[in-house]
Structures are given as structure tokens and as C-alpha cells.
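Below is one structure, written out as C-alpha cells; the observations come after it.
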Amino acid sequence: SLWVVGNYGSGKSHLMSVISAVAEFPELAQFITNDKVREAANKISGKFKVIRFEVGASKKAFADIVTDNLTSGLAEMGIDYQFPAMDKISSNHKPYFEEMMALFHERYPDQGLLLICDEILDYLRSRNQQQLPLDMAMMRVMGEVIDGTRFRFICGVQEAIFDSTLGIHPTAAEEFVTMRDAVKAG
């Protein structure tokens, strides 16, 4: 998976539009004027079917947003695939993504599926401490699926997502959690 990160107005959405257009329509690569960029674009040129969506402000789980967009996008391509409801999934979505990709390759054996998600910052900021780990788990599953299939995921997010993060070395994590919990309790 690829995260396109930049400030508001920096061209993230435009870049993802160019990537998705070239990935699906190989004849567009010839219009890229920079030789190095055009050469790099030829590696993906015409090799994907693309489903693109924006998240925005939504109360839905990220897994539902992704699977709903995949289901409707695939239907537009003539592929009928339904992900099971969340309450029917015992572990994670990985086997369903693999099943979806097998069905996709029956119709498009020589192409991959590129899922592009834009404007996810407001959505992630709206998620609470119980919801966010589930959303991240879905992103992890998509990353795992990429490894064994021709499924790819690109996500655009504003750089401000890193404004409230804290970097911590894994060896200090246990003390940090203990210290934070103690401060909250006291």
C-alpha cells in the first residue's frame, strides 16, 4: 500500500488522479512530459482496473466503507461480489479479499485492482479509541492481501495527521503505557 501525504492544496488528489488514470488507461502515459516520470508510469500503465473513493466525515467503520466501495466498484465492472456482514466475519477480511481477487481475475486475468482512497484525515480524526484500532486492522489486512495478490491500495491524507502523534521506541512502550495509565488514575 502507498500513503500519499502532504499539506492541504499540495496536489495529493491530483497525483492520485494521474496515477489512477495512467494505471487504467495506458494511452495516457504518453502525455506525461517528464521523461523519468513517464518511464516510471509505464510500469503501471494499463495494468489495473481502478476504484476510487473519498471517505470524508462518516460514522461507518472503515471496513464497511472499503467493502461497500469495492462491492459497488466491482459491480460497475460486471463482477458480482458481496463481502459478508461484519458480524459474520470470525477473524478478518483477508480470505474475502483473496476470494474477491480470484473472482476479479476470472474476468480480468491480466490486470490488478487498484483501490484509491482520498481525504481520510477528517475521518480518522473522528474515530474514538475503540474504533481506530479496528480501522487500522482493516488497513493492515489490505497490506497483507497486497503481498499475495495483484490488489493495491493508495490512500491520500493531509500531513496534519502527524501533528498529534508520538514516536516511541518499542522497548519503552510498556513503561509509557504504565506511566500514562497511572497518570490517568491519579
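The model shown is predicted, which means the values in this text are computed figures rather than measured ones.
Taking CZ from R107 and CD1 from I79, the interatomic distance works out to 6.5 Å, rounded to the nearest 0.5 Å. For the atom pair CD of E39 and CG of D35, the computed distance is 8.5 Å after rounding to the nearest 0.5 Å. Summarising the geometry, atom CG belonging to L70 is positioned 5.0 Å from atom CD1 belonging to I51; distances are rounded to the nearest 0.5 Å. Here the straight-line distance linking atom OG1 of T71 with atom CG of D80 works out to 9.0 Å at 0.5 Å rounding. Note: N69 CG to I116 CD1 = 12.5 Å, rounded to the nearest 0.5 Å. The line from CD of Q131 to CG of L124 is 11.0 Å long, rounded to the nearest 0.5 Å.
The pair K60-D68 counts as a salt bridge, with a side-chain nitrogen and a carboxylate oxygen less than 4.0 angstrom apart.
Side-chain contact between Y96 and Y81 is present, with heavy atoms from C-beta onward closer than 4.5 Å. The side-chain heavy atoms of R52 and S13, taken from C-beta on, include a pair separated by under 4.5 Å. At least one side-chain heavy atom of I65 sits less than 4.5 Å from a side-chain heavy atom of S58. The side-chain heavy atoms of F153 and M142, taken from C-beta on, include a pair separated by under 4.5 Å. Residues C155 and V4 fail the side-chain proximity criterion, which asks for heavy atoms closer than 4.5 Å. A 4.5 Å side-chain heavy-atom check between L115 and K49 finds every atom pair outside the cut-off. Put simply, the side chain of H14 reaches to within 4.5 Å of the side chain of V18, judged on heavy atoms. By the 4.5 Å heavy-atom criterion applied to side chains, F151 and E98 are not counted as neighbours.
Taking the six-membered ring wherever Trp is involved, the centroid distance between the rings of F83 and F97 falls below 6.0 Å.
Across every non-hydrogen atom of N92 and R140, the tightest pair is ND2-NH2, 4.4 Å. Residues K88 and P84 approach most closely at CB-CB, 4.2 Å, considering heavy atoms. Counting all heavy atoms, side chain and backbone alike, V22 lies closest to A29 at CG1-CB, 4.1 Å. The shortest heavy-atom contact between V55 and F53 is CG2-CE1, 3.8 Å.
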- Steps toward salt bridge (Lys or Arg N to Asp or Glu O under 4.0 Å) verdict (K12, D118): CA-CA 8 Å; K12 298 177 301 299; D118 200 2; over 6 Å; no
- Task: Report the C-alpha distance between R150 and F104 in whole Å, list the side-chain angles of each, state the deciding distance to 0.1 Å, and finish with yes or no for side chain to side chain contact (heavy atoms under 4.5 Å, CB included).
- Result: CA-CA 10 Å; R150 285 185 276 166; F104 174 84; over 6 Å; no
- Trace of the side chain to side chain contact (heavy atoms under 4.5 Å, CB included) decision for N128 with L132: CA-CA 6 Å; N128 66 36; L132 195 56; over 6 Å; no
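Looking only at distances, a side-chain donor or acceptor of H105 sits under 3.5 Å from a matching main-chain atom of Q111. The main-chain N or O of A21 is never found under 3.5 Å from a side-chain atom of E24 such that the two would form a donor-acceptor pair. For S10 (side chain) and N7 (main-chain N/O), a donor-acceptor pair under 3.5 Å exists by modelled atom type. In this structure, the side chain of R152 does not engage the main chain of L114 through any donor-acceptor pair within 3.5 Å.
At a threshold of 4.5 Å between side-chain heavy atoms, the hydrophobic network of Ile, Leu, Val, Met, Phe, Trp and Tyr places L134 and M138 in two separate groups.
Heavy atoms from other residues, nucleotides or ligands lying under 6.0 Å from CG of D147 number 12 at most.
Aromatic ring orientation, Y123 versus F62: tilted (interplanar angle from 30° to 60°).
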